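In what follows, a structure is listed as structure tokens, so that the remarks can point back to it.
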2 protein chains.
Amino acid sequence: MENKLKTKACEHKIRAIHDVMYLIGGKWKISIIACLCYGNKRYSDILNEVEGISGKMLSRELKELEMNKMIERTILDTKPIGVEYSLTELGTSLKSIIDILADWGITYREARKLIEEQI
Amino acid sequence: MENKLKTKACEHKIRAIHDVMYLIGGKWKISIIACLCYGNKRYSDILNEVEGISGKMLSRELKELEMNKMIERTILDTKPIGVEYSLTELGTSLKSIIDILADWGITYREARKLIEEQI
DNA sequence: CAGTATCCGGTTTGATACTG
DNA sequence: CAGTATCAAACCGGATACTG
């Protein structure tokens with residue numbers, strides 16, 4: 001009986017996480033958001049700073065992030081035309097999560113090194 | 001000059017996050033880890049609790065998670081054979097991140113509702 | 001029970017060329 | 001500059017049948 005409740009709580013949490021990953025779990029989405037944490041950026045800036053992403057992927061991911069209200073797109077009236085991307089309030093609310101993830105990533109790399117050396 | 005340093009820091013963090021997402025960003029990986037946060041589980045338990053996953057995907061993801069030292073696989077000597085999966089220390093270290101993500105997911109849903117209503 | 005093997009359509013993605 | 005269009009290759013993932 002108690003076990004069933006536990007399972008329910010588990011499933012509820014899993015669904016919440018699945019939702020989150022749908023939003024930010026694309027191959028590049030968090031990287032893009034992380035990039036914008038350091039200030040507003042243009043399309044070409046992001047293209048340079050997020051290693052490995054192609055132009056096609058970038059524009060696609062940007063579009064989805066905009067749809068989900070994570071980022072905002074502003075057209076600058078420069079010539080030639082420029083576009084600036086910035087985080088919305090919602091996007092900004094991910095900053096702390098991003099920091100935690102990045103920290104974990106670095107810790108993980110160290111931990112892996114230690115485990116490997118034991119072999 | 002100062003700007004270049006900033007860009008470097010940015011790119012470093014982005015790479016760290018990209019690594020993390022490579023590890024836990026598969027369609028099901030965090031869900032599986034989240035599921036195991038609630039206790040060791042058998043293959044069939046996970047199959048039931050992670051909604052939507054197929055057997056093929058589950059075994060594939062479990063294998064990758066094991067390779068990356070996130071989970072451990074123990075063969076029980078029951079008949080018929082049973083297999084139990086559990087989190088390693090590394091996997092366990094994700095618990096807090098998972099909680100934060102799940103919380104954000106729920107908060108996000110509320111925020112989106114508010115934004116939508118304004119329209 | 002806990003998987004593996006095979007088939008197979010659908011989706012994703014990179015490269016390249018092009019546009020306003 | 002900031003994208004879009006198009007093609008082909010690679011990969012994903014479901015269904016089903018099979019194994020120890």
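Since the structure is predicted, the reported quantities are computational estimates derived from the model, not experimental observations. The sequence lines fix the lettering, A, B, ..., with proteins before strands; numbering per chain opens at 1.
For B:Arg109, the side chain to side chain contact (heavy atoms under 4.5 Å, CB included) partners at least two apart in sequence or on another chain are A:Ala16, A:Asp19. In terms of the salt bridge (charged side-chain N to carboxylate O under 4.0 Å, His left out) criterion, residue partners of B:Lys8 (sequence neighbours excluded) are, by chain and number, B:Glu11. Here B:Glu51 pairs with A:Arg15 under the salt bridge (charged side-chain N to carboxylate O under 4.0 Å, His left out) rule; sequence neighbours left out. For A:Arg60, the side chain to side chain contact (heavy atoms under 4.5 Å, CB included) criterion is met by A:Lys56, A:Met57, A:Glu64, not counting sequence neighbours. Partners of B:Lys113 under the salt bridge (charged side-chain N to carboxylate O under 4.0 Å, His left out) rule, at least two apart in sequence or in another chain, are B:Glu110. Residues satisfying the side chain to side chain contact (heavy atoms under 4.5 Å, CB included) criterion with B:Thr107, sequence neighbours excluded, are absent altogether. Under the side chain to side chain contact (heavy atoms under 4.5 Å, CB included) criterion, B:Leu47 pairs with B:Tyr43, B:Ile53, B:Leu58, not counting sequence neighbours. In this structure B:Asp103 satisfies the salt bridge (charged side-chain N to carboxylate O under 4.0 Å, His left out) test with no other residue, sequence neighbours excluded.
Residues from residues 20-33 of chain B with heavy atoms under 4.0 angstrom of DNA chain D, sorted by number: B:Lys27.
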Taking only distance into account, with no hydrogens and no angle test, what donor-acceptor pairs under 3.5 Å do side-chain atoms of residues 80-88 of chain A form with protein atoms, sequence neighbours excluded?
unit_1	atom_1	unit_2	atom_2	d
A:Glu84	OE1	A:Asn40	ND2	3.4
A:Tyr85	OH	A:Arg73	NE	3.4
A:Thr88	OG1	A:Lys69	O	2.6
A:Thr88	OG1	A:Met70	O	3.0
A:Thr88	OG1	A:Leu90	N	3.3
A:Thr88	OG1	A:Gly91	N	3.1

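If you find the closest nucleotide of DNA chain C to B:Pro80 and to A:Met57, the one lying nearer the 5' end belongs to B:Pro80.
Atom SG in B:Cys35 sits 13.5 Å away from atom CD1 in B:Ile30 (nearest 0.5 Å).
Remark: C1' of D:dA15 and CD1 of B:Ile53 are 16 Å apart, rounded to the nearest angstrom. Here D:dC12 presents its P atom at 16 Å from CG of B:Leu58, a figure rounded to the nearest Å. Here D:dC1 presents its P atom at 17 Å from CG of A:Asp77, a figure rounded to the nearest Å.
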Pairing of DNA chain D as dot-bracket, 5' to 3': ( ) intra-strand, [ ] crossing, | other strand, . unpaired, with Watson-Crick or G-U pairs under 3.5 Å? ||||||||||||||||||||
If a protein heavy atom is under 4.0 Å from the base, mark B; if only from the sugar-phosphate, S; if neither, -; do that for nucleotides 2-10 of chain C going 5' to 3'. SSS-BB---
